[in-house]
Amino acid sequence: MTESTFQAKGAGSVAAHHIGTAVTGPVNVLTAELLSSARDVQAPAGLTNLPPLPLCFGRTNELDWLRGTLGQSADGTAVVQGLGGVGKSTLALAYAHGHRRDYNVTWWIAAASPVHIEQSLADLALRLIPVWAGSATTEERAAWATLWLQWHPGWLLVFDNVEDPPDLQPYVSAPNGHVIATSRRSASWPTSIATLALDVLDLAAANDLLCRQVLGATSPTHPSDTGDPGPLSRSGAASPRPDAGRRLPRAEPDDQH
């Protein structure tokens, strides 16, 4: 038999003639008691960390799309993609608030990086099993929360501002719940995941939103209601002032003495 030489280079490298299982990165080992607790611990009714709901106008079709995409089965993933500031997070938040009663847990996850995701999951463990989680590391808590999600059905996770779609791979295939992701990235999403390209609001919805922001609960007055074009004409330009077109007297400089 010809002898072979194997050489491993670099941190975490493994070299051998035959490898069964090799673990080269950090591992979070949970005790048998903790593994059982992930199965046995029940979430308080309506557990959530959702931010407050901002105003959301003109997104009925998009909310219906989310409902149709996620409501078909007990598990599913939907991605809302678009330019920054177009309203992706607001749409996801509006859906999450509107369907809180459909889920046992509704959890908002900052997803700009794996570190942010891990921290948000660790926070979930802190709410579910506070006595142990209070003294556990972030990594241990996140590992426990991930295991809990695998055991328990009926949750919604919202991954906000995903920068790298592969970061979601461990979660999009979870069999027990729904996932919504918002992202500026249009590429790198698996073709099996439903994706919605979100555009800017139409003019009518944008006008309603602006009036609500400026006038509070007061509904905007439309030209058809008063017969008056108001401060904005139908073209969107400012209406002329009554003295428009008149030449104003020219101001003369003070006499020099």
Side-chain angles (χ1 to χ4, degrees), residues 42-71 76-130 133-134 138 141-142 145 148-149 152 154-163 167-168 171 177-185 196-202 204-220:
Q42 300 299 313
L47 178 62
T48 183
N49 70 335
L50 290 178
L53 176 62
L55 293 176
C56 184
F57 285 91
R59 297 301 191 187
T60 302
N61 292 338
E62 290 83 356
L63 289 169
D64 289 344
W65 179 87
L66 282 172
R67 183 58 179 167
T69 301
L70 298 177
T77 299
V79 174
V80 180
Q81 177 273 326
L83 297 175
V86 78
K88 303 180 297 295
S89 299
T90 298
L91 176 65
L93 193 53
Y95 180 88
H97 272 284
H99 294 276
R100 277 182 57 182
R101 294 185 179 181
D102 298 339
Y103 299 100
N104 299 321
V105 174
T106 310
W107 206 251
W108 189 267
I109 296 176
S113 71
V115 172
H116 288 88
I117 294 174
E118 187 175 62
Q119 181 61 61
S120 295
L121 290 172
D123 292 342
L124 175 59
L126 195 58
R127 296 283 295 275
L128 289 169
I129 184 170
T138 299
R141 285 185 280 147
W148 187 92
L149 292 169
H152 298 269
W155 43 259
L156 170 65
L157 303 181
V158 182
F159 290 84
D160 186 48
N161 192 29
V162 177
E163 287 293 334
D167 290 344
L168 260 63
Y171 314 102
H178 291 162
V179 169
I180 297 176
T182 71
S183 179
R184 291 174 295 174
R185 309 298 179 190
L196 171 67
L198 194 65
D199 203 352
V200 296
L201 286 171
D202 61 44
N207 180 62
D208 286 344
L209 178 59
L210 179 60
C211 288
R212 283 298 184 100
Q213 292 279 27
V214 175
L215 303 177
T218 304
S219 299

Correct closest heavy-atom pair for Gln42 and His152 would be NE2-CE1, 3.5 Å
Can you list the residues that meet the side-chain contact (heavy atoms from CB on, under 4.5 Å) rule with Pro130, with sequence neighbours excluded? none
Within residues 102-126 or reaching into it, pairs that qualify as ring-ring contact (aromatic ring centres under 6.0 Å, His included) - sequence neighbours excluded: Tyr103-His178
Restricting to side-chain contact (heavy atoms from CB on, under 4.5 Å), what partner residues turn up for Ala125, sequence neighbours left out? Arg141, Trp144, Ala145
List the steps and the verdict of side-chain contact (heavy atoms from CB on, under 4.5 Å) for Tyr171 and Ile117. CA-CA 11 Å; Tyr171 314 102; Ile117 294 174; 3.7 Å; yes
Which residue pairs pass the salt bridge (Lys or Arg N to Asp or Glu O under 4.0 Å) test with at least one member in residues 98-116, sequence neighbours excluded? Arg67-Asp102
Set of side chain to side chain donor-acceptor pair (under 3.5 Å) partners for Asp160, sequence neighbours left out: Ser89, Thr182
Heavy-atom pair with the smallest gap, counting every atom of Thr138 and Ala122: O-CB, 3.6 Å
Gap between atom CG of Asp64 and atom OH of Tyr95 - 0.5 Å precision: 10.0 Å
Lys88 (side chain) donor-acceptor with Ala197 (main chain) under 3.5 angstrom: no
Test of understanding: with side-chain contact (heavy atoms from CB on, under 4.5 Å), list the residues that count as partners of Ala96, not counting sequence neighbours. Leu50, Thr106, Leu156, Val158
Has Ser183 got a side-chain atom pairing as donor or acceptor with Val162's backbone, closer than 3.5 angstrom? yes
Please give me the minimum heavy-atom distance between Pro52 and Leu93, naming the atom from each residue. O-CD2, 3.2 Å
Please determine which of Ile180, Leu149, Leu168 meets the side chain to side chain contact (heavy atoms under 4.5 Å, CB included) test together with Leu157. Leu149
Under the side-chain contact (heavy atoms from CB on, under 4.5 Å) rule, what do Val105 and Leu124 come out as? Steps first, then yes or no, please. CA-CA 10 Å; Val105 174; Leu124 175 59; 4.2 Å; yes
Kindly write out the residues that satisfy salt bridge (charged side-chain N to carboxylate O under 4.0 Å, His left out) with Arg185, not counting sequence neighbours, or none if the list is empty. Glu163
Phe159 vs Asp167 side-chain heavy atoms within contact, under 4.5 Å: no
Side chain to side chain, Leu66 and Leu91, heavy atoms closer than 4.5 Å: yes
Evaluation steps, side-chain contact (heavy atoms from CB on, under 4.5 Å), between Leu47 and Asn104: CA-CA 7 Å; Leu47 178 62; Asn104 299 321; over 6 Å; no
